[in-house]
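The block underneath contains the structure these notes are about, expressed in structure tokens.
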Amino acid sequence: QVQVVESGGGLVQAGGSLRLSCAASGRTFSSYDVGWFRQAPGKEREFAAAINWSGISTYYADSVKGRFTISRDNAKNTVYLQMNSLKPEDTAVYYCAAGKLSNFELRHRTEWDYDYWGQGTQVTVSS
């Protein structure tokens, strides 16, 4: 069983930065792939970024590529999402999810492949 808790959200001006953290319980977290998803008001939840269990492989949505960086520190059971050059359209609730994906390369965008989800953290970018 893994529990994940997001933190680091807040209000920031356009062009600013935030770093989200996804802290997990459970000594096996280092064997889980992790994804960040986000849901803007009135929209469906969408994929933002993902990192495999070892940290070697990462993927990003086109909308955040070059601005967001996902990383992990398995010794601290934590995954980070560094968000730079934030835009108002990045405003959303950001969710962290963990799972053991059968094929990370093909499945990292698939929500139902992730077994454990946090409650989300609000990110608001003002113009």
Side-chain angles (χ1 to χ4, degrees):
Q1 188 77 6
V2 173
Q3 291 184 324
V4 294
V5 178
E6 306 93 337
S7 63
L11 174 64
V12 64
Q13 289 188 331
S17 298
L18 283 175
R19 188 177 79 159
L20 305 184
S21 296
C22 172
S25 63
R27 56 188 175 89
T28 62
F29 181 67
S30 60
S31 65
Y32 283 79
D33 305 312
V34 174
W36 282 98
F37 294 79
R38 64 185 186 179
Q39 187 168 21
K43 295 187 177 181
E44 293 187 352
R45 191 159 57 187
E46 64 177 11
F47 168 77
I51 188 167
N52 78 326
W53 65 272
S54 68
I56 291 176
S57 184
T58 59
Y59 289 96
Y60 298 92
D62 287 344
S63 57
V64 308
K65 199 172 295 183
R67 300 187 298 120
F68 290 11
T69 302
I70 189 171
S71 62
R72 68 189 300 160
D73 185 340
N74 284 339
K76 295 182 178 180
N77 275 7
T78 302
V79 171
Y80 304 98
L81 186 67
Q82 178 66 44
M83 305 187 298
N84 299 329
S85 302
L86 283 161
K87 305 175 181 180
E89 51 263 44
D90 294 319
T91 295
V93 177
Y94 283 71
Y95 297 91
C96 172
K100 293 186 177 182
L101 277 59
S102 58
N103 186 320
F104 180 76
E105 180 178 5
L106 296 179
R107 307 291 297 180
H108 58 272
R109 295 172 179 266
T110 308
E111 290 188 32
W112 51 86
D113 278 16
Y114 293 87
D115 299 309
Y116 305 103
W117 289 78
Q119 293 300 307
T121 185
Q122 176 71 47
V123 171
T124 303
V125 184
S126 63
S127 57

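The disulfide bond (SG atoms under 2.5 Å apart) analysis of residues 45-127, with sequence neighbours excluded, yields the pairs Cys22-Cys96. Sequence neighbours left out, not one pair with a member in residues 32-79 passes disulfide bond (SG atoms under 2.5 Å apart).
Formation of a donor-acceptor pair under 3.5 Å by the Thr91 side chain with backbone atoms of Thr124 is not found in this model. Of the possible polar contacts, none joining the Asn74 side chain to the Asn77 backbone as a donor-acceptor pair under 3.5 Å is found. Although no hydrogens or angles enter the test, the distance criterion places a donor-acceptor pair under 3.5 Å between the side chain of Asn52 and the main chain of Ser57. Asp90 places a side-chain N or O within donor-acceptor distance of the main-chain N or O of Lys87, the cut-off being under 3.5 Å.
Looking at Thr78 and Asp73, their side chains never bring a donor and an acceptor atom within 3.5 Å of each other.
In the hydrophobic clustering (ILVMFWY side chains linked at under 4.5 Å, chained through shared members), Ile56 stands by itself. Cluster partners of Leu20, by chain and number: Val2, Val4, Val12, Leu18, Phe29, Tyr32, Val34, Trp36, Ile51, Tyr60, Val64, Phe68, Ile70, Val79, Leu81, Met83, Leu86, Tyr94, Tyr116, Val123, Val125. The rule joins Ile, Leu, Val, Met, Phe, Trp and Tyr whenever side-chain heavy atoms lie under 4.5 Å apart.
When all heavy atoms of Tyr114 and Gly99 are compared, the closest pair comes out as CD2-N, 3.8 Å. Between Ser17 and Ser85, the shortest heavy-atom distance links the atoms OG-N, 4.3 Å. The two atoms that bring Ser54 and Arg72 nearest to each other are C-CD, 4.4 Å, heavy atoms only. The shortest heavy-atom contact between Glu6 and Tyr95 is OE2-CA, 3.4 Å.
By the salt bridge (charged side-chain N to carboxylate O under 4.0 Å, His left out) test, Lys43 pairs with no residue at all, sequence neighbours left out. Every residue two or more places apart in sequence or in another chain was checked for a salt bridge (charged side-chain N to carboxylate O under 4.0 Å, His left out) with Arg19, and none qualifies.
Side-chain contact check for Arg109 versus Glu46: every heavy-atom pair is 4.5 Å or farther apart.
Salt-bridge formation is detected for the pair Lys65/Asp62: a Lys NZ or Arg NE/NH1/NH2 atom is positioned less than 4.0 Å from an Asp or Glu carboxylate oxygen.
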Run Val93 and Gln119 through side-chain contact (heavy atoms from CB on, under 4.5 Å) and show every step you take. CA-CA 9 Å; Val93 177; Gln119 293 300 307; over 6 Å; no
Is there a side-chain contact (heavy atoms from CB on, under 4.5 Å) between Glu105 and Tyr59 once you walk through the steps? CA-CA 8 Å; Glu105 180 178 5; Tyr59 289 96; 3.1 Å; yes
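Residue Arg107 holds its CZ atom at 4.0 Å from CG of Asp113, rounded to the nearest 0.5 Å. Rounded to the nearest 0.5 angstrom, Glu111 CD and Glu44 CD are separated by 8.5 Å. Going from atom CG of Asp33 over to atom CH2 of Trp53 covers 9.5 Å, rounded to the nearest 0.5 Å.
Counting heavy-atom neighbours within 6.0 Å of Lys100 NZ, excluding the residue itself, gives a total above 12. More than 12 heavy atoms of other shown residues, nucleotides or ligands fall within 6.0 angstrom of atom CD in Gln39.
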